[in-house]
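Everything on this sheet refers to the single structure shown next.
Protein chains get the first letters and strands the later ones, always in sequence-line order, with residue 1 at the start of each. Side chains are part of it too, since the values below use all heavy atoms of this structure and drop only hydrogens, waters and symmetry mates.
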Amino acid sequence: MMRTVSVAETAPSTYAWAVHAEKLQVRAGRHLAVNELDLRLGTGVHGLLGPNGAGKTTLMRALATVLKPAGGRLTLLGGEVTGNADLRQVRRGLGYLPQHFGFYPRFTVREFVEYIAWLKEMPKAVIPGAVQRAVERVGLADRADSRMKTLSGGMLRRAGIAQAIVNDPAVLLLDEPTVGLDPEQRLDFRELLREIGLDSCVLVSTHLVEDVAVACSDVVLISEGRLVWQGTTGQLTEQGGAGDAGDSATERGYSSVLRAYRGRVSA
Amino acid sequence: MTTHPTPTLISQYASGAAGVDDTTIWAVEAHLETCAACRAVLTDAVDPGTRDLLDRVADGIATGIATGPGPVRRRRLLRTGVAARVLPWLVTATGLMLAAALFEWTFNSLPSLVLLIAPVAPLLPVAAVWSRRLDPAWELTATMPRTGLPLLMRRTLGVLSAVIPVLAVAGWVTGHSPGLWLLPALGFTAGALALGTVVGVDRAALALTVAWSAGVVGPSLADGQLPTVLTGGSLPGWALATVALTAVVLVRAWRRPHEPHQNLLHR
């Protein structure tokens, strides 16, 4: 059955950046985990890197509209998220995989993704097809009717990715998506990311520099809740010198940028 | 006015339309869409290689459909899976009510336990459907367009449809007026939702249960008689409170259907 393309899908976007944060502040408990962060993200796959406790997960949660920003401005898909805005329209265009992916153990993968699609207010008629497509894209088609409690860690992660991409989101937020994936699945996953990144804004939070080097076109590096560096993966590689710590060119670039930032802050 | 294109023109169209101008080709194409006879002429006009290919593709698809797996049966139980998650809490509430009925049936001298417990019986499962601790997928639910009060009210209705029959059985066994167990139960549920929009539903439910137990259940068990709020004379009061609290919840749901940042409700 051919899908009808709606007017909304072909309309030109009315915003310059899918994600636009200005002096964004977000609290994690009492601690200001994201502090005056300026960030602009467009189409493509962006890798979010940073040391432990840099505020990666808090930033992801704020972008996913789980946490309300404590200050600054955050615009997603042209819609203001700060203040008392109606988030419904923005949320329809979001896909989110939390770091701790909670699921209902008795649900089958298909039921869970269907339930999420329903919560995302997708039209009833397109849900079965969209669910099947999402499950196939993450390579879980043969386990689609198994209960989620019977899945392995890597499979659960892939089920989590399936629920995030079921609505073809314009902004896809994945918090540590490669944890628990074996090397082969990792390759498939990178391929999937590149495919989705062709026409949507994908932000992948990870601590694995190698994932970023291969799968991401751009890198966002944050530390202590602030933006340290943003550029293409190639530019990050060029930053590293022979004296920097790391096994690959990208890792050397990462440690070089971070070291330079720490030098600036302490100076 | 339809004049059929000549067989020569159709065969020129089939072979790639060299030397025929675009306007004629469009006219032929538009005509072919509506005229079966000319489509038959077109079928004969295409070269044997193409016809063979089309036949093979059609055969392949037909065999695939015939031998492949059948379409997945749509599960009607999709949304009831959520109810299954709350099942332990529903069972607890049910068990409590039935125990109260049995107790009351055995010991006639004490004040009616059924009437004393009925108001807070739905609160336990209502808190369970909207609690961060008990809902593993709370973080996902909090990012969905279909969240907030409408979803909470939907889940609450589900809980009530399971709890009220149990209350009805307990009330019928012990021979109490339906108003005396139904209205307080509905009033407390509406109260938990109304208070829940401010402090979180699970906290509101807990607070109301504790207040009711300490303020009414305890004293009346000590006195050995039913409090005046649970006698026939207070029915109008209960009705009024139920209607007022339901109105508060409905107005809130209608004015702010998608309360930004559901952390308030969903913690």
Distance, nearest 0.5 Å, that separates CE of B:Met144 from CH2 of A:Trp118: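 One gets 11.5 Å once the value is rounded to the nearest 0.5 Å.
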
Could you tell me the separation between the CZ atom of B:Arg146 and the CZ atom of A:Arg91, rounded to the nearest 0.5 Å? 13.5 Å

Which heavy atom in B:Ala137 sits nearest to a heavy atom in A:Gly102, and how many Å separate them? CB-O, 3.6 Å

Any idea which heavy atoms bring A:Val66 and B:Thr143 closest together, and the distance?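 Smallest heavy-atom distance, with atoms named: CG2-CG2, 3.1 Å.
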
Please tell me if the side chains of [X] and [Y] come closer than 4.5 Å, counting only heavy atoms from C-beta onward.
X        : Y        : value
B:Glu139 : A:Gln99  : no
B:Leu140 : A:Ile116 : yes
B:Thr141 : A:Tyr115 : no

Other residues, nucleotides and ligands only: do more than 12 of their heavy atoms fall within 6.0 Å of CZ on A:Arg92? yes

side-chain contact (heavy atoms from CB on, under 4.5 Å) with B:Pro136: of A:Phe101, A:Tyr104, A:Phe103, only one passes, and it is A:Tyr104

Checking A:Gln163 against chain B: side chain, backbone, both or neither under 4.5 Å from a heavy atom? side chain

